[in-house]
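Hydrogens, waters and symmetry mates play no part in the numbers below; they use all other heavy atoms, side chains included. Order of the sequence lines fixes the chain letters, A, B, ..., with proteins taken first and strands second; residue numbering starts at 1 for each chain. What you see is a predicted model, and the numbers here were worked out from it, not measured in a lab.
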2 protein chains.
Amino acid sequence: MERIVRKYRGKGFKLTPQRIAILKFLEGNTSHPTAEDIYTEIKKRYPTVSFATVYNTVQVLRDKGELLEITIDPARKHFDPNPAPHHHIMCTGCGRIGDVFVDYSAALNLPDEVTSQFTTTGNHIDFYGVCNACRTKNIN
Amino acid sequence: MERIVRKYRGKGFKLTPQRIAILKFLEGNTSHPTAEDIYTEIKKRYPTVSFATVYNTVQVLRDKGELLEITIDPARKHFDPNPAPHHHIMCTGCGRIGDVFVDYSAALNLPDEVTSQFTTTGNHIDFYGVCNACRTKNIN
DNA sequence: TTACTAACTTAGAATAATTCTATTATAGAA
DNA sequence: TTCTATAATAGAATTATTCTAAGTTAGTAA
């Protein structure tokens, strides 16, 4: 019995071969892949896999709290298999996305004009920057 | 001469009637409209206006630093005519977006494993919550 | 004031991301 | 082993956004 199967069985969704392949690809993956990235990878082993399967699976995983959907890139969604709340930084040059594992919640006090209108439940920070590779490129 | 024209002329883009209508609609607008919201509004006065004009205009305004593009809603882009850096809070019930005019930058120190990889240039916080209207609805 | 042209508007086609549908297949419960 | 709810698939549909080609115009400069 595979480790992935052990980890995810009994969570309320079926573990099909395609899903196991998606879970394996995502396991420990810090590249923040898009749906197309996942599709391209799974297609190598399951050439008939469809986008519907990829989208269905990431939706199930999101709903079960096993995956985060990231909105930092205005062009498309990225996914993060680490469901622990954390933040992200995107390189404005190449689009690479990195993780920021710091909880800033204690510092993020909201003004009265906001707390009087909303009950806050969470926060996510998008940091923007330039990665080393892109900075080097621009210097030369 | 209208105030909008006075404010935006000489900024490097032509002020057409459609653009003036868009700028008027956006002026002081805190509803964070989508492209469709803008299109629907401008269509009232200019029935032949096209989506291309709306998208072209918001792109020009974004490039000129007169408008922010907001990614807090995974479903579609929203626009904010206040270009001063600030943050947003979205109601997870109805999708309403509010502004948060606090600069938290001083508190957002990044760990070494991030600063060694990225030179940070900015940040934007997505707060999530429930607005009063939605909270009341759920109680009843 | 007029003439000019780069920039703009428009309708509609194209693209890209995502979702839906109908059908067939299967994981996992009984 | 059987059964059925759930999932996979191909492909159509939908939605957001961008592109294209043709006609129009804002704003510059004579």
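Hydrophobic cluster membership is shared by A:Y8 and A:L26, with clusters built from Ile, Leu, Val, Met, Phe, Trp and Tyr side chains linked at under 4.5 angstrom.
A donor-acceptor pair is defined here as one N or O able to donate and one able to accept, closer than 3.5 Å; such a pair exists between the side chain of A:T92 and the backbone of A:G129. Although no hydrogens or angles enter the test, the distance criterion places no donor-acceptor pair under 3.5 Å between the side chain of A:Y104 and the main chain of A:I125.
B:H124 and B:H88 have their aromatic ring centers within a separation under 6.0 angstrom.
Put simply, B:R9 has no side-chain N or O that comes within less than 4.0 Å of OP1 or OP2 on D:dG27. Between B:R19 and C:dT9 there is a side-chain N or O to OP1 or OP2 distance below 4.0 Å. Dashed line: the shortest gap from a side-chain N or O of B:Q18 to OP1 or OP2 of D:dT25 is not under 4.0 Å. Contact check, B:T16 against C:dT9: a side-chain N or O comes under 4.0 Å of OP1 or OP2. A close approach under 4.0 Å does occur between a side-chain nitrogen or oxygen of B:T48 and OP1 or OP2 of C:dT10.
Heavy-atom distances under 4.0 Å link DNA chain C to no residue of residues 61-83 of chain B. Taking a 4.0 Å limit (strictly below) on heavy-atom distances, residues 51-60 of chain A reaches DNA chain C at A:A52, A:Y55.
Following rounding to the nearest Å, A:F13 (CZ) and D:dA8 (P) show an atom-to-atom distance of 11 Å. Taking atom OH of A:Y8 as the reference point, atom P of C:dG28 lies 15 Å away to the nearest angstrom. Remark: P of C:dT19 and OH of A:Y39 are 16 Å apart, rounded to the nearest angstrom. A straight line from CG of B:L15 to C1' of C:dT9 spans 15 Å, rounded to a whole angstrom. Separating the NZ atom of B:K14 from the C1' atom of D:dA26 is a distance of 5 Å, rounded to the nearest angstrom.
The side chain to side chain contact (heavy atoms under 4.5 Å, CB included) check on A:E36 picks up A:T34, A:T40, A:F51, with sequence neighbours excluded.
Residues B:D80 and B:H86 have side chains that bring a donor and an acceptor to within less than 3.5 angstrom of each other. Side chains of B:S105 and B:N123: a donor-acceptor N/O pair is present below 3.5 angstrom, by distance only.
Across B:I38, B:D37, B:L68, B:N29, a single residue satisfies side chain to side chain contact (heavy atoms under 4.5 Å, CB included) together with B:F79, and that is B:I38.
Summarising the local packing, CZ of B:R62 is surrounded by more than 12 heavy atoms from other residues, nucleotides or ligands at distances under 6.0 Å.
Nearer the 5' end of DNA chain D, as judged by each residue's closest nucleotide, is the contact made by A:K43, out of B:P17 and A:K43.
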